[in-house]
2 protein chains.
Amino acid sequence: MSDATRKGTGRAQPSMSDVAKLAGVAIGTVSNTLNSPEKVTEATRRRVMAAIAELGFVRNDAARSLAAGTSTTVGLVVADLGNSFFVDIARGAEATVRQHGMNLLIANSDVDLAKQSNNLAVFEQARVAGVLLAPLDTPFVEVSARLTSNTPLVLVNYESRRKLYSGVVVDERRGGFLAARHVLDLGRRRLLFVGGPLSLRAVAERYEGAQRAVADVADATLDLVETHGQNIRHGKQAARELVARSNPIAIDGIVAASDLLAIGVIQVFDELADFDVPGDVAIVGYDNNHFASESNVPVSTVSQPGEEMGRLAAELLCEEIAGTAARDKQTVVLQPHLLPRRSSLGDAWRRD
Amino acid sequence: MSDATRKGTGRAQPSMSDVAKLAGVAIGTVSNTLNSPEKVTEATRRRVMAAIAELGFVRNDAARSLAAGTSTTVGLVVADLGNSFFVDIARGAEATVRQHGMNLLIANSDVDLAKQSNNLAVFEQARVAGVLLAPLDTPFVEVSARLTSNTPLVLVNYESRRKLYSGVVVDERRGGFLAARHVLDLGRRRLLFVGGPLSLRAVAERYEGAQRAVADVADATLDLVETHGQNIRHGKQAARELVARSNPIAIDGIVAASDLLAIGVIQVFDELADFDVPGDVAIVGYDNNHFASESNVPVSTVSQPGEEMGRLAAELLCEEIAGTAARDKQTVVLQPHLLPRRSSLGDAWRRD
DNA sequence: GTAACAATTTGAAGCGCTTCATGAATGTCG
DNA sequence: CGACATTCATGAAGCGCTTCAAATTGTTAC
């Protein structure tokens, strides 16, 4: 690399020894004023800071963490940034990580297993202090294959079967249960679960929860329309399918695996104008989607504590990094909350 | 740090010299099989790879980039991950960066200027190959203050006034113009712009564009309702305010600064049931919000090419990193596109 | 004036890697 | 068969930092 082309501008980054030279001190002193200012006289501290400012010195963190053997960044590998649930997790994780004086860097797997493991590899190679993994809802192959390394790793929204990692999850069954029981409490008896595919763990567990709630009530039934995804589009399809089955439809309560599904269903019902929500059919969604609360018929929902999950997971990770973590890996289970709105309560619901 | 507490497990990461020892080769050979396999015999390559696998060796990237003086990661500092526009940018940037054999790490500024500059600092200290910055819509102070460093930096969705950095922006005026002209083309003459605050550059420019379109038509007028933000809530407020001004309202076309605003307006109009959209009032939003296309009345919108912006910005950055960039900084201006849907076309619009 | 001690400062060692001059081994050709 | 390439492998130097034992300076007590 010729001197002229180096780094585009040709001006090389000044190093710590440049700073030391300019300030007329030893290199160790520069390091000290940066890392343990209390070990340095006020006078020399000022001289060093002046030199740093004059040269525009920026500490080389690669060298720092190589020499110190510790890093101050934490990596977060996230299944899908397009999903606001994961953005909430990121936000929570960042807050906690920051409190511990570290930084959070995010890598998006974009619903692609290969990218996910590549992202894990990137963080490991960078020797980050630790990694938070909010993985794809798929078998755990990739993460287990990762056991070669010993970077601390905490899972978010995924439970390590073999207790290899700590993690934070939310009780999906409970969420499904809450949603269904709410509808049942409103006196509805012929329920329907909309969501899918059931091969997704989260969906399956929500469905199970709903089944349990229905089983508790003697004359209640739970039907199922399995979808190919959780978007508005899928909700609309499901609603049309439902109407095609029998019109008027034979149900009076719907538990949807996502708010978007619920919205899709409501929209179709609105169009048909035959079904009143919640008069004829009470509907509960899932996720506390930002839009859902603002939509035409505010959707009752089950709220996932995304930020809290991020915070807790980061807390667990920081413990592992500090070495203060318990020997045994633990999985914290957070409880979802029901947020009843108009799509189930009707006019009884007051916007606050 | 005692041996027992080190790294939690106590098992230290193996180094390249461990691999070299096990494979019975020199350390330089290990480096070569990793970085330039063609310089190494097939036989030794295999021996080395076997040793790597056996030890579970993971290359220390901090040491690598320190020694090599180059990094293989690119940083993206993003104003707000909660906004899907920025997620699109991230997705585009990642695709391009990956094509160049590098990795993309994301840091979220979360609409906080202090975090933004901290994030920039983190990436600089990490000596990433380059940084993409999708900044907050605020004065350029922080980024200029950053001039001390010489990490390549490309802006996304922001134009460097002093041409200090290359960048990719979208022509917001054009977007506003397209939206307004579309409504005018439908024969509407009494238009209203909803959005705000106008101190946001993007909003102001969209408004200007709309004004220009209206100025082109002799008898057309453009009214303004300034909002405090671009959410559904603000749209509802604006609509109520409008109705309060005069009922029936004196306008027949609305250009909104976001799809969410448009949805809010439509929802209020729906409730009142007095105004038909688009019969009485044609509405165009902005952003091609995922949600907007699926809503009850699919919202006509102006689409921002987020992914393309990310791709292009990453392309520019890679050029700067490679040193093949033109001397002068350039700002690429991308054009937004109009996507007419039912909220303006009515039944003439067919879902595809 | 000096010994004893604390407070600062110093600078060499080394973190794990890439690089590259050097050497060894093998092949080629007149 | 010797001279010369060519191909591989070697290992020391050094990237910019942290650390820490040792040197230096300042302070207090006697």
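Everything numeric in this text was worked out from a predicted model, so none of it was measured. Below, chain A is the first sequence line, B the second, and so on; all start at residue 1.
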In the 5'-to-3' direction, what one-character label does each nucleotide of nucleotides 15-22 of chain D receive under the scheme B = base within less than 4.0 Å of a protein heavy atom, S = sugar-phosphate only, - = no such atom?
BBBSB---

Salt bridge flag under 4.0 Å for residues [X] and [Y]:
{"X": "B/E42", "Y": "B/R46", "value": "yes"}
{"X": "A/R311", "Y": "A/E94", "value": "no"}
{"X": "B/D61", "Y": "A/R127", "value": "no"}

To the closest 0.5 Å, what do you measure between [atom1] ([X]) and [atom2] ([Y])?
{"X": "B/N118", "Y": "B/L113", "atom1": "CG", "atom2": "CG", "answer": "11.5 Å"}
{"X": "A/E308", "Y": "A/I89", "atom1": "CD", "atom2": "CD1", "answer": "12.0 Å"}
{"X": "A/R64", "Y": "A/T72", "atom1": "CZ", "atom2": "OG1", "answer": "6.5 Å"}

Test side-chain contact (heavy atoms from CB on, under 4.5 Å) on B/L133 and B/Y158; report intermediate values, then the result.
CA-CA 9 Å; B/L133 172 61; B/Y158 202 101; over 6 Å; no

Kindly indicate, with the supporting measurements, whether the criterion side-chain hydrogen bond (donor to acceptor under 3.5 Å, both in side chains) is fulfilled by A/Q13 and A/N60.
CA-CA 9 Å; A/Q13 290 278 6; A/N60 184 329; over 6 Å; no

Whether the side chain of B/T73 engages the backbone of B/L104 through a donor-acceptor N/O pair (distance < 3.5 Å, no angle test) should be reported.
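Checking the backbone N and O of B/L104 against the side chain of B/T73, no donor-acceptor pair under 3.5 Å is found.
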
What does the inter-axis angle of the helix from C/dG1-D/dC30 to C/dG30-D/dC1 come out as, five pairs per end, nearest 10 degrees?
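Rounded value for the end-axis angle: 50°.
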
Show each protein N/O and nucleotides 5-8 of chain D N/O combination with a separation under 3.5 Å, one pair to a line.
unit_1	atom_1	unit_2	atom_2	d
D/dC8	O3'	B/T41	OG1	2.8

For a salt bridge (Lys or Arg N to Asp or Glu O under 4.0 Å) check, start with the C-alpha distance between A/R91 and B/D110, then their side-chain angles and the critical distance, and finish with the verdict.
CA-CA 8 Å; A/R91 197 172 288 129; B/D110 211 10; 3.3 Å; yes

